[in-house]
Amino acid sequence: MSFPLLTVTAAVPAVGAVLTAAVPAARRTAAKWLALLFSLATLALAVLVAVRFEPGGARYQLTESHAWIPDFGVRYELGVDGIGVALIALTALLIPFVIGAGWNDADPLETSSSRWRPTQGFFALILMVEAMVVISFEATDVFLFYIFFEAMLIPMYFLIGGFGDRAHAGTDENAAAQRSYAAVKFLLYNLVGGLIMLAAVIGLYVVAGNFSLQEITAARAAGTLDMATNTERLLFLGFFFAFAVKAPLWPLHTWLPNAMGEATAPVAVLITAVVDKVGTFAMLRFCLGLFPEASKWATPAILVLSLISIVYGALVAVGQRDIKRLVAYASISHFGFIIMGIFAMTSQGQSGATLYMVNHGISTAALMLVAGFLISRRGSRLIADYGGVQKVAPVLAGTFLIGGLATLSLPGLAPFVSEFLVLVGTFARYPVIGIIATIGIVLAALYTLVLYQRTMTGPVKEEVRTMRDLHLREVLVVAPLIVLLIGLGVYPKPLTQIVNPAVEHTLSDVHEKDPKPQVAVEAKNGEAAK
């Protein structure tokens with residue numbers, strides 16, 4: 001039997017979570033280092049997965065398949081394509097930075113025993129989320145995917161509700177109530193989506209007789225699986241609804257600003273840069289793979305919803321007074337671009353959407369983590385409480401600026417490549433949608449630059465006059481993310497050569513080809529006329 005690399009990659013953070021939780025209460029520092037060690041081991045395994053993956057090889061590689069619940073056709077099946085490899089690498093890359101940035105976030109407050117928070121539990125929950133997200137990117141059995149798609153809600157609920165932002169304005173009781181509200185809202189929204197998906201999963205089994213993604217897609221390609229049109233559309237809607245909640249897509253997005261606003265900055269990164277990517281990934285793998293005709297049927301409506309997400313998220317971000325909620329609404333706008341690229345049904349659009357998942361994760365992590373460092377120094381999330389920070393903390397201000405410029409997709413930084421591909425791919429098939437979506441770019445420049453201007457420039461406010469600059473740990477957290485943003489912005493080929501073959505397979509599932517450029521068609525017609 002070959003080495004089960006995918007299983008081990010998901011199992012290492014799970015084992016790390018158990019061991020971290022078991023560290024004695026008094027040894028908080030040991031728990032932190034243990035969690036960091038296991039996250040780095042997971043990163044090393046993710047790198048090994050990427051190295052062993054052959055872009056020109058089989059669609060799903062490093063596969064594992066074992067009987068699990070044979071009476072119901074459930075198998076323990078794992079496999080990765082290029083999209084899964086890229087997102088596993090993103091997840092494994094970000095978790096060490098999340099741990100490093102949240103190094104002191106769960107330490108008990110000496111002045112208030114009622115707000116004591118178990119450090120071991122905080123880092124154990126982060127590792128458990130990582131394990132569940134990684135196996136979600138690996139699962140090729142629909143039922144197996146569903147289990148971890150839902151199970152990751154539990155540790156996230158406790159991370160949001162039990163380890164909230166200490167910079168909350170108001171009393172301790174008010175802060176606890178706001179955290180509880182955000183955590184419950186996050187859980188309820190995602191549970192409703194999951195329950196609807198469960199009904200669709202059961203319906204899929206009734207129709208197909210098994211849960212294997214590879215067997216079902218092969219049967220559909222061979223014409224041996226007969227699925228009625230209305231049945232396929234209903235099943236598609238059940239899956240898509242759950243993924244749209246997780247993504248999040250307008251109008252199912254309202255849980256995200258609350259969750260990100262009340263969570264600590266590292267947990268906010270975990271939500272939007274890691275967990276939410278499972279939703280958009282699943283649209284590519286399961287919606288398009290299992291229900292190709294229904295995906296094309298729903299495309300016009302989904303593109304309109306994506307467009308609303310892009311413009312609405314950006315407009316609301318412009319008017320935000322809270323730094324973290326601004327980043328949350330900006331992310332809603334960015335997820336609109338990702339979903340638009342997926343359902344544009346072009347190679348450029350889907351390649352751009354996959355790159356966007358990776359690049360958005362890195363850029364949002366950079367911006368949110370620096371924002372967290374800023375907020376922890378001042379003790380406030382309100383934009384109006386800052387001013388002139390660049391004069392007293394130039395390194396903090398500089399990294400904040402680069403993270404912001406990446407968020408607005410400045411050329412030369414990684415998100416520009418992905419956003420450009422999404423717009424090109426969308427314009428090729430849906431020019432009106434592509435043109436209107438560019439409004440999001442203009443608004444992104446507005447909310448990012450206004451945020452920087454109001455917090456970092458101008459007269460130095462008295463409350464920030466003694467603000468210290470980033471120290472070594474914080475620089476070590478942010479600097480690699482900045483390097484990646486610049487490196488992937490200048491040279492994205494390492495990602496594109498892994499992703500593009502998987503995108504071609506996805507397009508073949510839905511029987512779509514890239515439309516021919518209109519200029520080329522007109523030139524050909526002109527030659528024929530001559």
Side-chain angles (χ1 to χ4, degrees), residues 10-45 91-92 94-134 151-168 171-180 182-183 262-271 274-275 368-369 372-373 375-379 468 470-478:
V12 164
V15 172
V18 174
L19 295 178
T20 301
V23 173
R27 304 193 63 184
R28 296 193 302 271
T29 303
K32 298 174 186 179
W33 282 107
L34 185 63
L36 181 60
L37 177 64
F38 272 93
S39 69
L40 292 173
T42 306
L43 176 57
L45 288 167
T91 302
L94 291 181
I95 296 301
F97 298 123
V98 167
I99 291 173
W103 199 254
N104 300 317
D105 284 358
D107 287 347
L109 299 175
E110 301 297 336
T111 58
S112 175
S113 60
S114 63
R115 292 189 63 182
W116 182 86
R117 301 184 292 183
T119 305
Q120 290 83 345
F122 179 75
F123 292 104
L125 289 170
I126 290 174
L127 289 176
M128 189 56 67
V129 171
E130 178 181 23
M132 293 178 178
V133 169
V134 168
M152 69 179 70
L153 301 179
I154 299 172
M156 286 305 309
Y157 169 80
F158 288 109
L159 283 170
I160 297 168
F163 300 91
D165 190 355
R166 285 174 171 169
H168 193 287
T171 64
D172 288 357
E173 292 76 12
N174 182 48
Q178 291 295 325
R179 288 200 304 272
S180 177
E262 298 305 322
T264 65
V267 173
V269 170
L270 196 63
I271 295 170
V274 177
V275 172
M368 180 58 84
L369 292 180
F373 299 150
I375 291 168
S376 66
R377 284 159 165 75
R378 174 67 177 83
R468 68 186 187 280
L470 296 184
H471 53 70
L472 180 60
R473 174 177 60 83
E474 294 168 333
V475 171
L476 290 176
V477 166
V478 177

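Owing to the predicted nature of the structure, the values given are computational and were not obtained by experimental measurement.
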Under the side chain to side chain contact (heavy atoms under 4.5 Å, CB included) rule, collect the residues that match up with Val274, sequence neighbours excluded.
-> Thr91, Leu94, Val133, Leu270
Supply the atom-to-atom distance Thr29 OG1 to Lys32 NZ, rounded to the nearest 0.5 angstrom.
-> 5.0 Å
Please tabulate, for the side chains in residues 35-42, all donor-acceptor contacts under 3.5 angstrom to protein atoms that are two or more places apart in sequence or on a different chain.
unit_1, atom_1, unit_2, atom_2, d
Ser39, OG, Leu36, O, 2.7
Thr42, OG1, Phe38, O, 2.9

For Ala182 and Glu262, the nearest pair of non-hydrogen atoms, with its separation, is CB-CG, 3.8 Å
What's the spacing between Ile126 CD1 and Thr20 OG1 if we round to 0.5 Å?
-> 10.0 Å
Enumerate the residue pairs fulfilling salt bridge (Lys or Arg N to Asp or Glu O under 4.0 Å) with a member in residues 121-131, sequence neighbours excluded, ordered by first and then second residue.
-> none
For Arg473, does the CZ atom have more than 12 heavy-atom neighbours from other residues, nucleotides or ligands under 6.0 Å away?
-> yes
From Met368 CE over to Ile375 CD1, what is the distance, rounded to the nearest 0.5 angstrom?
-> 7.0 Å
Can you check whether Trp33 reaches Trp103 side chain to side chain, under 4.5 Å on heavy atoms?
-> yes
Could you walk me through whether Leu125 and Val267 pass the side-chain contact (heavy atoms from CB on, under 4.5 Å) test, one step at a time?
-> CA-CA 10 Å; Leu125 289 170; Val267 173; over 6 Å; no
Taking Gln120 for its side chain and Ala22 for its backbone only, find out whether a donor-acceptor pair lies under 3.5 Å.
-> no
Looking only at heavy atoms, what is the nearest atom pair of Ile271 and Ala263, with distance?
-> CD1-CB, 4.5 Å
Distance, nearest 0.5 Å, that separates CZ of Phe163 from CG of Leu159 | 6.5 Å
Tell me, do Pro266 and Asp105 make a side-chain contact under 4.5 Å, heavy atoms counted?
-> yes
Can you check whether Val129 reaches Ile95 side chain to side chain, under 4.5 Å on heavy atoms?
-> no
Hey, are the side chains of Phe97 and Val269 touching, using non-hydrogen atoms and a 4.5 Å cut-off?
-> no
Over all heavy atoms of both residues, which pair between Ala92 and Pro96 is shortest? Give the atoms and the distance, please.
-> O-CD, 3.0 Å
side-chain contact (heavy atoms from CB on, under 4.5 Å) evaluation trace for Phe123 with Leu34 = CA-CA 9 Å; Phe123 292 104; Leu34 185 63; over 6 Å; no
Residues forming a salt bridge (Lys or Arg N to Asp or Glu O under 4.0 Å) with Arg377, sequence neighbours excluded = Glu474
In chain order, what residues pass the ring-ring contact (aromatic ring centres under 6.0 Å, His included) check against Phe373, with sequence neighbours excluded?
-> none
Supply the atom-to-atom distance Leu476 CG to His471 NE2, rounded to the nearest 0.5 angstrom.
-> 10.0 Å
